[in-house]
Amino acid sequence: MRFGIHTLDEFEVSGRVVLCRIDINQPVDKKTGSLRDITRIKACVPTVRELAERGARVVLLAHQGSDIEYKNFYSTRPHSKVLSELLGREVQYVEDVCGPAACTAIRSLKNGQVLLLDNVRYCSEEQTLFELKLKLTHEEQAQTQVVRKLAPLADIFVCDAFAAAHRDQPSLCGFEQVLPSAMGRLFEREYCVISDMMENPKRPCLFLLGGAKVNDAFLMMRSVLENGAADRVLTGGLVANILLLAKGKHIGRASEEFIERSNNSGNIRIAKELWENYGERILTPIDLAGTDDGKRCEYTLDTIPEMFGALDIGSRTAKAYAKEILAANTVFVNGPMGVFEQAETELGTRTVWEALGETQAYTVIGGGDSITATKKYGKTDQINYICTGGGALIRFLSGEELPAVRALRDAALRE
Ligand code: 3PG
């Protein structure tokens, strides 16, 4: 038992049907339907391999696509092929989630065989819009079709989908009501790394928060400053620009107009509060960069031209942040320092990522853009831990109890 949740060590799985919820949701090429990344598929391999090697009959349940963000769903067939290659053993696929074809395929499994069911979000009860509208309790989720059909065929439920643990959906929170339940190895590792970082980080502990998801960044910022996990928060991207504006700094009219257009007036109020309560622990840029005629230009804060639009932190700030990273013992990063996709405005992000590769600190990265930057600058092997979670990680770091964690804990308490 860890964190009040059963682990795989506590169950005999040989000959048992283990229903395992994984998160292999990946960006998809909309034209060809092929997967543009396989990071999350790789990440679930240790759990699936362990279950198969221990003789379980493994049934994998997963989603692909979001009804809120991507507005489209895809089959999990391509994922079964990738997983087969990574595991070096066949992963069967059935074009069904909980209907007769899926049930027959589950009943036909032999010890050590692995079956991937189709996209669980093809079931309407599993969709985020349904979740938000109906707010089913976990007991009610156990009454949904997917749980009523699949649970009687399984002996054990394993949740390895940490990246989806913030979703209050039947495939994540319903099975724990009716089956002995454990977290998988990836779930355990992700939970362990980030809870350690929140509760017991090696000091000094820095949080670098950038990018354009300001709501998420401010939620996290408040939480890690309030609970003391962060000694300092270094900021970049839109997050930093809003903090600077809230402090009354001139950041250029184009920057200000962008902030207005992107509905950030509420965030300026939050930024003021953050300054009042934790100002001495928040670092903002001392210079900013933009482009003029396609060329990079930089200004210190007191020389920003009237019409300026900030697209990156300046080189002095980047250097100062790199120095902080090199002197830290724990660094968590979510979000780039600017528009790192363009050569003229990538210096800030590149400098910070170089420092992340060099520092002796324990480094943790989370969020899609940060993972892309890590790959772009070839730092994947130098970062200590790359979280698969986006929304789940942010909510965890903001101090929320994740629904799937609650469901797993409740299951352990009931036994
Ligand atoms: C993710 O991509 O963050 C997870 O797979 C959860 O997806 P969702 O935000 O569509 O629920």
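Note that these values count all heavy atoms, side chains included, but never hydrogens, waters or copies made by symmetry. Start at 1 and go down the list; that is how both ligands and their atoms are numbered.
Near H63, meaning under 4.0 Å from one of its heavy atoms, ligand 1 places the atoms 4 (C), 5 (O), 6 (C), 7 (O). Ligand 1 places these atoms under 4.0 Å from at least one heavy atom of R167: 8 (P), 9 (O), 11 (O). Counting atoms of ligand 1 from 1 in the listed order, those under 4.0 Å from a heavy atom of S66 are 10 (O). Counting atoms of ligand 1 from 1 in the listed order, those under 4.0 Å from a heavy atom of D23 are 4 (C), 5 (O). Heavy-atom contacts of R40 reach the following atoms of ligand 1: 1 (C), 2 (O), 3 (O), 4 (C), 5 (O) (cutoff under 4.0 Å). Short contacts between ligand 1 and R121, defined as distances under 4.0 Å to a heavy atom of the residue, involve ligand atoms 8 (P), 10 (O), 11 (O).
Using a 4.0 Å cut-off between a side-chain N of Lys or Arg and a carboxylate O of Asp or Glu, K375 and D37 qualify as a salt bridge. A salt bridge does not link E401 with R395: every distance from a Lys NZ or Arg NE/NH1/NH2 to an Asp or Glu carboxylate oxygen is 4.0 Å or more.
Between S66 and R121, the shortest heavy-atom contact is CA-NH1, 3.5 Å.
No side-chain N or O of S370 forms a donor-acceptor pair with one of N334 less than 3.5 Å apart.
Counting only distance, with no hydrogens or angles, the side chain of W275 and the backbone of L243 share a donor-acceptor pair below 3.5 Å.
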